[in-house]
There are 2 protein chains.
Amino acid sequence: MPRTSDKRERLITAGRELIHSKGFNRTTLADIAEASGVPLGNVYYYFRTKEALLDAVVSAQKDDFRERVAAFEKHGSPRARLQAFLNSVIDSKEEIARYGCPIGSLSQEMNKSSGLSRAGASEGLILRAQWASEQFRALSRSDAQDLGVWLIASIQGVILMANAMADPGVIERQLGQLKAWIDAF
Amino acid sequence: MPRTSDKRERLITAGRELIHSKGFNRTTLADIAEASGVPLGNVYYYFRTKEALLDAVVSAQKDDFRERVAAFEKHGSPRARLQAFLNSVIDSKEEIARYGCPIGSLSQEMNKSSGLSRAGASEGLILRAQWASEQFRALSRSDAQDLGVWLIASIQGVILMANAMADPGVIERQLGQLKAWIDAF
DNA sequence: GTCTATAATACGATAGAC
DNA sequence: GTCTATCGTATTATAGAC
């Protein structure tokens, strides 16, 4: 018996995967519990409600992005950082063509009317747009803010179409174009 | 008592609105029945299952698009048709910034793993991309197919970001840029 | 064709023993 | 901290009278 159990961690990890592949509404706490090897009743020791687990999942998504961004810092130029970001999307093209973007699709799902907290799940997208805007600002673009939003919008739209067409090749081709465009200025 | 009741029609209309604002999973047949002024049990006279009602909703979405496209034909040039399409999106910016695109968000939701028919809900997006590709082809673009997918992806991405940022202005600004780009070639 | 009542089940959440 | 058993409710779907 470890002094500190990793059950909370396992629940969050399983929650991320299941919410990505099935969506939040269709993912049950029993699904998450089973995938984590935790009995259903014990889930409530770690999370008061299903929504509390969602908050932890969203938080983990944001932490992950911040880590990735920190890793991009080793690239000397903003251009190279943007390319690295696009490459990271292309790297997981199979999974996101199958289930959509874990950030974008969750944002969509949560921004439908319900009693739930509308804001949290969208922050991942906003964070990405802000980061992209910073890169364009470093490239001395006066329209840096709009360009940042535009870049994330473009990526999200391409993922949505690749998902609808069930074709990862769409991501490769369309984001390849985007990379060429970034190289060109 | 009308010889033919319009209940089926009313159920589809209410279904479209509710599925758009709440999502398919969170919309109950009781919701749709109440909004249509039809008793719950009677819904099953018109639709065998909830999924059958979804199919009718998707079908109605596709019919609507085909009608809009037919109306665009009065514009002389492919460029003008594309502009008219973008204008129609901008016209409903408030609603789509609030709830997302009725076509795109439903496609996302249905493309999550479940026993349900994965394909149907995405056809609206594919139809739009094909139509856009035809316009680019008429403009003698050799990369017309990719451009069509790219245009619909761009629109969908912009809607997703406007939804995440809860700001219809994003749609106006970003699609304004897109319109200028279309004018330019 | 229409409607009421209800069956069948799935799921979030809790109680309480250990 | 952990686990089993179960409650309460929401929701899809059906039965059957009219």
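The figures that follow rest on heavy atoms only: side chains count, while hydrogens, waters and symmetry mates do not. Residue numbers begin at 1 in each chain, while the letters A, B, ... track the order of the sequences.
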Sequence neighbours excluded - ring-ring contact (aromatic ring centres under 6.0 Å, His included) pairs with any residue from residues 151-170 of chain A: none
Q177(B) atom CD, over 12 foreign heavy atoms within 6.0 Å: no
Neighbour count >12 (heavy atoms, 6.0 Å) for atom CZ, R68(A): yes
Salt bridge (Lys or Arg N to Asp or Glu O under 4.0 Å): pairs with one or both residues in residues 120-139 of chain B, sequence neighbours excluded: K62(B)-E123(B)
Estimated bend of the helix from dG1(C)-dC18(D) to dC18(C)-dG1(D) (axis per five terminal pairs, rounded to 10 degrees): 10°
For E17(A), side-chain hydrogen bond (donor to acceptor under 3.5 Å, both in side chains) partners two or more places apart: none
Per-nucleotide protein contact string for nucleotides 3-16 of chain C (B base, S sugar-phosphate only, - none; heavy atom under 4.0 Å): BB------SSBB--
Short side-chain N/O contact from Y45(A) to OP1 or OP2 of dG1(D), under 4.0 Å: yes
F24(A) six-ring centre to K112(B) NZ/CZ under 6.0 Å and within 45° of normal: no
Residue Q145(B) excluded, over 12 heavy atoms near CD under 6.0 Å: no
Separation of dA10(D) C1' from K22(B) NZ (nearest whole Å): 12 Å
Spacing between I32(B) atom CD1 and dA13(D) atom P, to the nearest angstrom: 11 Å
Sugar-phosphate only, base, or nothing, as touched by Y46(B) at under 4.0 Å among non-hydrogen atoms: sugar-phosphate
Non-neighbouring partners of R8(A) that pass salt bridge (charged side-chain N to carboxylate O under 4.0 Å, His left out), sequence neighbours left out: none
